[in-house]
There are 2 protein chains.
Amino acid sequence: MSSRTYDDACATAHALDLIGERWALLVMRELMMGPRRFGDLRASLSGLSANVLTQRLEGLEAAGIVRRRRLPPPANVQTYELTEWGLEAEPILLTLGKWATRSPLHDPTLPFSPVALMLSFRAKFEAAKTKGMTVLIGFRFGEESFAVGVRKGVLSTERGVAVAPDVEVTGTPSAMAGLVYGKAPLAELERQGALSVTGDRAALQRFADLYVMPPKAG
Amino acid sequence: MSSRTYDDACATAHALDLIGERWALLVMRELMMGPRRFGDLRASLSGLSANVLTQRLEGLEAAGIVRRRRLPPPANVQTYELTEWGLEAEPILLTLGKWATRSPLHDPTLPFSPVALMLSFRAKFEAAKTKGMTVLIGFRFGEESFAVGVRKGVLSTERGVAVAPDVEVTGTPSAMAGLVYGKAPLAELERQGALSVTGDRAALQRFADLYVMPPKAG
DNA sequence: CGGCATCCGGGAAGATACTG
DNA sequence: CAGTATCTTCCCGGATGCCG
């Protein structure tokens with residue numbers, strides 16, 4: 001792929017040859033919840049310029065991590081999606097995220113993409129904390145909707161509108177992260193208009209209470 | 001750290017801000033089995049030039065991942081070691097390695113550092129396969145020695161000379177990888193002089209048989 | 001507008017030489 | 001041995017423009 005290789009038989013080094021270039025893993029992150037279009041990726045990754053995105057998609061496609069698909073007419077648009085093997089890279093993203101949560105330099109006030117929020121739910125989920133909890137939450141972040149459920153100690157996160165959810169939340173991923181990770185009071189977030197909630201607020205709060213932040217390092 | 005940041009609240013993106021620069025994760029890899037000196041790192045990471053290594057060590061130190069320690073006289077040399085939090089990054093390396101093992105482009109004939117071999121043992125170890133096996137192996141790769149043991153379904157890998165091992169192996173990490181991952185016949189490797197073994201060859205073979213390669217992707 | 005070339009400035013990476 | 005200084009090369013990031 002990249003001409004600048006590590007020339008190292010270690011599989012970890014080879015992984016970095018494949019996906020160690022700037023933006024590559026974040027492009028993969030945005031594809032983790034399903035296919036996306038060129039413009040979607042560009043919109044979710046501010047700072048990534050079009051030419052670099054083109055290069056990354058080419059590289060990832062050549063490596064067998066991303067596949068491009070042209071939808072049949074009348075849609076006739078091109079989408080990018082992860083291959084099966086590309087999807088298997090999810091633990092890499094989750095492990096990186098879990099580790100960096102302890103960084104003293106981490107600034108949670110920066111922009112937060114919807115997909116990143118969903119993956120963070122997966123990364124920090126602990127089945128042992130659910131105690132038989134069952135809940136289905138519908139999220140709406142602008143145009144993007146997600147259904148998040150907990151059932152029998154298993155977390156499910158899917159793109160799409162939730163059917164008959166216990167509670168529906170509209171707002172920004174940042175505000176939702178403030179509730180879950182920053183432990184901001186739900187009533188306060190609603191009062192500010194950062195989140196608007198319809199349905200079972202207590203269920204949403206129970207979901208947020210599943211998550212606790214590890215102590216900072218150093 | 002790096003002035004070129006992703007400006008993204010996602011913890012995964014922040015991780016890449018911290019350790020996403022070229023060579024950073026491989027420097028951390030070489031520190032995973034204990035403190036090392038500047039020259040050790042350079043020797044293990046061919047292609048990494050001194051100025052870049054200096055920059056990475058400075059950056060990792062500023063981020064709280066690496067600590068530099070000056071040994072007291074008469075040694076009086078400087079060593080670099082991972083902080084506690086830096087050590088916690090090990091799952092990142094293992095996850096990357098496990099994923100990349102399925103890459104069709106992976107070339108296992110390239111140079112292989114001793115530490116990389118030890119970490120690969122950890123990454124691909126499966127307790128369920130050990131079936132009560134107990135074995136202690138001493139490895140010697142040039143100046144570097146390691147003790148690798150399996151006991152009660154737990155793998156231990158430490159730097160240093162093994163005491164009363166079942167079997168001792170001298171050779172290169174690549175040759176050992178050929179035995180374990182390439183399933184090269186031990187007798188053949190010995191005949192070629194790639195490995196020299198004293199002690200219980202069957203125990204070494206049983207250890208190698210713990211490992212199976214997953215199918216390539218694509 | 002989506003996708004992808006092209007050009008350019010700045011900065012990081014890579015090789016070499018040099019210093020205590 | 002452990003870095004530092006310098007120079008070159010190449011990648012990244014931004015802008016522009018071309019086509020469907």
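Proteins get letters first, then strands, A, B, ... in listed order; numbering begins at 1 in each.
Nucleotide dG13(D) holds its C1' atom 14 Å from the CG atom of Asp7(B), rounded to whole Å. Rounded to whole Å, the distance from CG on Leu57(A) to P on dG3(C) is 9 Å. For Phe38(B) and dT4(D), the CZ to C1' distance is 10 Å, given to the nearest whole Å. Computed from coordinates, the Glu21(A) CD to dC11(D) P distance equals 9 Å when rounded to whole Å. Here the C1' atom of nucleotide dA5(C) and the CG atom of Leu53(A) are 14 Å apart, to the nearest Å. Put simply, CZ on Arg69(A) is 15 Å from P on dG3(C), counting in whole angstrom units. Computed from coordinates, the Leu45(B) CG to dG3(D) P distance equals 15 Å when rounded to whole Å. At whole-Å resolution of the value, CZ in Arg22(A) and P in dG11(C) are 13 Å apart.
The side chain of Tyr80(A) contributes no N or O atom lying less than 4.0 Å from OP1 or OP2 of dG2(C). Taking 4.0 angstrom as the limit, Gln55(B) places a side-chain polar atom (N or O) nearer than this to OP1 or OP2 of dA13(C). Neither OP1 nor OP2 of dA12(C) sits under 4.0 Å from any side-chain N or O of Trp23(B). Phosphate contact (OP1/OP2 of dG3(D), side-chain N/O of Gln78(B), threshold under 4.0 Å): present. Side-chain nitrogen and oxygen atoms of Arg37(B) include at least one within less than 4.0 Å of the OP1 or OP2 phosphate oxygen of dA2(D). OP1 and OP2 of dA2(D) both lie 4.0 Å or more from every side-chain N or O belonging to Arg68(B).
Checking dT6(C), dG2(C), dG14(C) against the side-chain heavy atoms of Asn51(B) singles out dG14(C) as nearest. Candidate nucleotides dC12(D), dC4(C), dA13(C) were compared by shortest atom distance to the side chain of Ala50(A), and dC4(C) ranks first. Taking only side-chain atoms of Thr54(B), from C-beta outward, the nucleotide of dA13(C), dT4(D), dG13(D) with the closest atom is dT4(D).
Side-chain polar atoms of Tyr181(B) and Thr101(B) form no donor-acceptor pair below 3.5 angstrom. Defined by atom type and a distance below 3.5 Å, a donor-acceptor pair is missing between the side-chain atoms of Ser196(B) and Glu190(B).
When the nearest nucleotides of DNA chain C are assigned to Gly47(B) and Gly39(A) by heavy-atom distance, the more 5′-ward of the two goes with Gly39(A).
Paired with Val197(A) under the rule side-chain contact (heavy atoms from CB on, under 4.5 Å), one option of Leu186(A), Thr170(A), Leu179(A) passes, and it is Leu186(A).
At a threshold of 4.0 Å, the pair Glu61(B)-Arg67(B) does not count as salt-bridged, since none of the basic side-chain nitrogens sits closer than that to a carboxylate oxygen. Of the charged side-chain nitrogens involved, at least one lies within less than 4.0 Å of a carboxylate oxygen, so that Glu144(B) and Arg36(B) count as a salt-bridged pair.
At a threshold of 4.0 angstrom between heavy atoms, the contacts of Arg42(B) with the nucleic acid are absent.
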